[in-house]
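Below is one structure, written out as structure tokens, with a few remarks after it.
A note on names: the letters A, B, ... follow the listed sequences, proteins ahead of strands, and every chain is numbered from 1.
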Protein chains: 2
Amino acid sequence: MKKEELLKKIGEQIRVIRIKKGLTQKQLAHLIGKDQQSIQRLEAGNINPSYIYLCEIADGLNVSLLDILNSLPA
Amino acid sequence: MKKEELLKKIGEQIRVIRIKKGLTQKQLAHLIGKDQQSIQRLEAGNINPSYIYLCEIADGLNVSLLDILNSLPA
DNA sequence: GGTCAATACAACGTATCCGTTGTGCGATAT
DNA sequence: ATATCGCACAACGGATACGTTGTATTGACC
């Protein structure tokens, strides 16, 4: 699969979970010591986040990284 | 969990799977267009790999990223 | 002894991440 | 009209990933 597609898919999935949890981008960002723009770029698929970054996001969403990857659209 | 621990754990897990598949660092590297040193640093936990990098590694190992994360020691 | 394979560490350069600031735009509310 | 909220995009800068080269160590094999 193409790199851009992979990034868009995981970004969209993170957005879905964030909204399901009732959080705004800013709220999620502040939970993990980042700012809203960071979350925006991630969800838009504009960056290639590091493993640690993904772990932090999962932590802020109160799910495991497995939960995020598990529900990725094929 | 500490950042260094997370990186060491995933590095060790990648090494375990690579060896189970009977590959050397160099062979795995060349399968995905990288070189031996990159794999060495990853397995040693010396870098914080990107999502795409992890996807490439999983691809080279012929497993899914979920398979790698699933078997991480708690 | 010599050679080769496998792994490890260090250093350099380019590319990229990611934190941050600034700006804009639509929707809602007062 | 103005303020506020949620989200988007661009640019700058410091930090770091990662490709690459070079080198060291260990062990197997001749």
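- At the heavy-atom level, B:K34 lies under 4.0 Å from the strands shown only through sugar-phosphate atoms.
- Annotation: side chain of A:S38 is in contact with side chain of A:Y53 (closest heavy-atom distance under 4.5 Å).
- For the pair A:L42 CG and C:dG19 P, the interatomic distance rounds to 10 Å; values are reported in whole Å.
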Legend entry - Worked check of side chain to side chain contact (heavy atoms under 4.5 Å, CB included) between A:L7 and A:E4: CA-CA 5 Å; A:L7 297 179; A:E4 294 79 26; 5.9 Å; no
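- Remark: P of C:dC12 and CZ of B:R41 are 14 Å apart, rounded to the nearest angstrom.
- Nearest to the side-chain atoms of A:S38 among the listed nucleotides C:dC9, C:dG19, C:dA11 stands C:dG19.
- Protein atom OH of B:Y51 is 15 Å distant from nucleotide atom P of C:dC17, rounded to whole Å.
- Residues A:L6 and A:K3 fail the side-chain proximity criterion, which asks for heavy atoms closer than 4.5 Å.
- Residue B:Q25 is classed as a sugar-phosphate contact, given heavy-atom separations below 4.0 Å to backbone atoms only.
- Using a 4.0 Å cut-off, no side-chain N or O of B:Q36 falls inside it from OP1 or OP2 of C:dA8.
- Distance, B:I14 CD1 to C:dT7 C1': 17 Å, rounded to whole Å.
- For the pair B:L31 and B:L61, the minimum side-chain heavy-atom distance is 4.5 Å or more.
- Comparing A:N48 and A:D35 by the nucleotide of DNA chain C that holds the closest heavy atom to each, the one mapping nearer the 5' end is A:N48.
- Base contact: A:Q37 has a heavy atom under 4.0 Å from a base atom.
- Nucleotides of DNA chain D lying under 4.0 Å from heavy atoms of chain B occupy a range whose first and last members, 5' to 3', are D:dA17 to D:dG22.
- The distance from the CD1 atom of B:I17 to the NZ atom of B:K20 is 6.5 Å, given to the nearest 0.5 Å.
- Residue A:S50 places none of its side-chain N or O atoms closer than 4.0 Å to OP1 or OP2 of C:dC17.
- Rounded to whole angstrom, the span from the CD1 atom of B:I47 across to the P atom of C:dC17 amounts to 14 Å.
- Inter-residue side-chain proximity for A:L69 and B:L69 is flagged as met; some heavy-atom pair is nearer than 4.5 Å.
- Axis angle between the ends of the helix from C:dG1-D:dC30 to C:dT30-D:dA1, five pairs each and rounded to 10 degrees, works out to 20°.
- Side-chain contact annotation: B:Q25 with B:Q40, donor-acceptor N/O pair under 3.5 Å absent.
- Comparing atom distances between the B:T24 side chain and each of C:dC9, C:dG19, C:dT7 picks out C:dT7 as nearest.
- By the rule that hydrophobic residues join a cluster once side-chain heavy atoms approach within less than 4.5 Å of another member, A:L42 and A:I19 end up as members of separate clusters.
- Looking at residues two or more places apart in sequence or on another chain, you find a side-chain contact (heavy atoms from CB on, under 4.5 Å) between A:K8 and A:E12.
- Going from atom OH of A:Y53 over to atom C1' of C:dT16 covers 14 Å, rounded to whole Å.
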